[in-house]
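Numbers for residues simply follow the sequence, beginning at 1.
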Amino acid sequence: MSSARALILLLVTLFLALPGRAQAADTTFGNWAAVVIAGDWRGSGGGATEAFDNARHDVSAELVRLGFSPANILQYSVRPTRYAKDRPAKSDIRAIFDGLTKLTSGGPEGCLVYFTSHGAPQGVVVDQSILPPDILAAMLNRTCGTRPTIAVISACFSGVFVPDLSAPNRMVLTAARPDRTSFGCGQSNRYPFFDECFLQSTPSARNFASLAAQVQVCVAEREIKEGARPPSEPQLFIGPQLRPVLPLYAFPVRAPPP
């Protein structure tokens, strides 16, 4: 057997052996659990902003396009009554944990957690609270466990989450280094820069690994264009168990416009 064929067989074997891997799923992500959280409603200047809820809504819609089942996606907003059509729950740390517990009780293939909010060196803002890295890590350990897990934290100082969330089965993508702010959460912004780059990059990305690389480039280019300094430098970690099989969780090919 050639070395190339042996490698392919090994990757397929590892992929099918991942905990919770359903061999007859309708789509690659059809049996994944996802929670998308807008953690604040205030802009960087203190006034109201729709940036975080716009990102919550549109990231959720993009996940559906990627193959996630709407029934397996829970959305959270600090002001849920403003978005009755989306039917988000109230952004609350306990509620997020309970929702993720409910979604994962059915034995999904994998998990995705996406936060868009303000951040601090202590963690990410969730309404009037700060969710610290060790608590989020404990939440993921209790719910997603050893399943393939994608954690995306769009917030200032979000690189603080990388050490605690890093695990062999996880990918962690953050909007900034532990000691840097991110940009684009003003009152007039449609999205924070990072979320906008996430949404712009998914159509051309092949999988979450290539998406992360494109987002990093996009954020750097946007910050140079806007003169935003110092650069936020989005951080990426991919665990050794997930890295070789992540390309097998492929994004659907978007048809070219007519």
Side-chain angles (χ1 to χ4, degrees), residues 20 29 31-42 50-64 68-120 122-162 164-167 169-175 182 185 192 194-195 198:
F29 298 105
N31 196 33
W32 278 51
V35 292
V36 185
I37 302 101
D40 209 341
W41 59 270
R42 294 162 295 185
E50 294 292 326
F52 301 123
D53 277 294
N54 286 340
R56 168 194 54 76
H57 175 275
D58 289 354
V59 166
S60 298
E62 189 64 7
L63 292 179
V64 173
F68 286 75
S69 169
N72 293 335
I73 300 173
L74 293 178
Q75 298 183 47
Y76 295 84
S77 172
V78 176
R79 301 186 293 177
T81 57
R82 289 175 60 90
Y83 312 102
K85 186 176 180 180
D86 296 341
R87 300 175 63 185
K90 181 71 165 64
S91 291
D92 172 83
I93 294 172
R94 181 70 201 194
I96 294 165
F97 175 69
D98 289 344
L100 195 53
T101 299
K102 181 178 179 180
L103 286 177
T104 56
S105 65
E109 285 186 36
C111 291
L112 183 142
V113 178
Y114 195 114
F115 283 87
T116 176
S117 187
H118 291 296
Q122 296 77 29
V124 65
V125 173
V126 179
D127 197 10
Q128 300 300 312
S129 302
I130 296 283
L131 174 61
D134 60 334
I135 298 300
L136 180 56
M139 291 166 62
L140 295 183
N141 291 339
R142 289 280 301 273
T143 55
C144 301
T146 57
R147 298 177 180 93
T149 301
I150 310 293
V152 183
I153 316 293
S154 174
C156 295
F157 309 107
S158 47
V160 299
F161 282 88
V162 174
D164 283 279
L165 297 190
S166 295
N169 61 306
R170 290 186 192 147
M171 171 180 143
V172 184
L173 177 62
T174 72
S182 53
C185 56
F194 177 90
D195 298 310
F198 185 95

Pairwise side-chain contact, R79 with E50, heavy-atom cut-off 4.5 Å (strictly under):
yes
When you compare the side chain of L140 with that of L100, does any pair of heavy atoms fall below 4.5 Å?
yes
Walk me through it: do I135 and M139 pass the test side chain to side chain contact (heavy atoms under 4.5 Å, CB included)?
CA-CA 6 Å; I135 298 300; M139 291 166 62; 4.1 Å; yes
Is it the case that the side chains of T146 and N169 hold a donor-acceptor pair, with the cut-off being a distance below 3.5 Å and no angle test?
no
Identify the two heavy atoms, one from A38 and one from D53, that lie closest to each other, and give their separation to 0.1 Å.
CB-OD1, 3.7 Å
Show the nearest heavy-atom pair for residues A175 and A155, with the distance to one decimal.
CB-N, 3.6 Å
With a 3.5 Å distance limit and no angle check, can you tell me whether R147 reaches the backbone of T143 through a side-chain donor-acceptor pair?
yes
Could you walk me through whether I153 and F194 pass side chain to side chain contact (heavy atoms under 4.5 Å, CB included), step by step?
CA-CA 10 Å; I153 316 293; F194 177 90; over 6 Å; no
Could you go through the side chain to side chain contact (heavy atoms under 4.5 Å, CB included) check for C111 and T104 one step at a time?
CA-CA 8 Å; C111 291; T104 56; 3.7 Å; yes
Spacing of CE belonging to M171 relative to CD1 belonging to I150, to within rounding of 0.5 Å
5.0 Å
Nearest 0.5 Å, please: how far is OG in S91 from CD1 in I96?
5.5 Å
To the nearest 0.5 Å, what is the distance between OG on S158 and NE2 on H118?
13.0 Å
Between F115 and the options L136, T174, V152, the side-chain contact (heavy atoms from CB on, under 4.5 Å) test singles out L136
For K102, look at atom NZ and say whether over 12 heavy atoms of other residues, nucleotides or ligands are found less than 6.0 Å away.
no
Can you measure from CG (D86) to CD1 (I73) and round to the nearest 0.5 angstrom?
11.5 Å
Looking at S154 and T116, would you say the former's side chain and the latter's main chain have a donor-acceptor pair under 3.5 Å?
no
Evaluate the criterion side chain to side chain contact (heavy atoms under 4.5 Å, CB included) for residue pair F97 and R142; output intermediate values, then yes/no.
CA-CA 9 Å; F97 175 69; R142 289 280 301 273; 4.0 Å; yes
Side-chain contact test, heavy atoms from C-beta onward, threshold under 4.5 Å: evaluate it for S77 versus R56 and give yes or no.
yes
Closest non-hydrogen atoms of P88 and P80, given as atom of the first, atom of the second and distance, are O-CB, 3.4 Å
If you define the side chain from C-beta out and look only at heavy atoms, does anything of N72 sit under 4.5 Å from W32?
no
Spacing of OH belonging to Y114 relative to CD belonging to Q75, to within rounding of 0.5 Å:
12.5 Å
Considering all heavy atoms of both residues, which atom of P133 and which atom of L165 are nearest to each other, and what is their separation?
O-CD2, 4.1 Å
Counting only N and O atoms by type, is there a donor-acceptor contact under 3.5 Å from the side chain of Y76 to the main-chain atoms of A95?
yes
Considering all heavy atoms of both residues, which atom of A137 and which atom of D164 are nearest to each other, and what is their separation?
CB-O, 3.5 Å
Residues D92, K90: salt bridge by 4.0 Å N-O rule:
no
Under the 3.5 angstrom rule, does the side chain of D127 hit a backbone N or O of S129 as a donor-acceptor pair?
no
So, for V124 and F161, which heavy atoms are closest and what is the spacing to 0.1 Å?
N-CZ, 3.6 Å
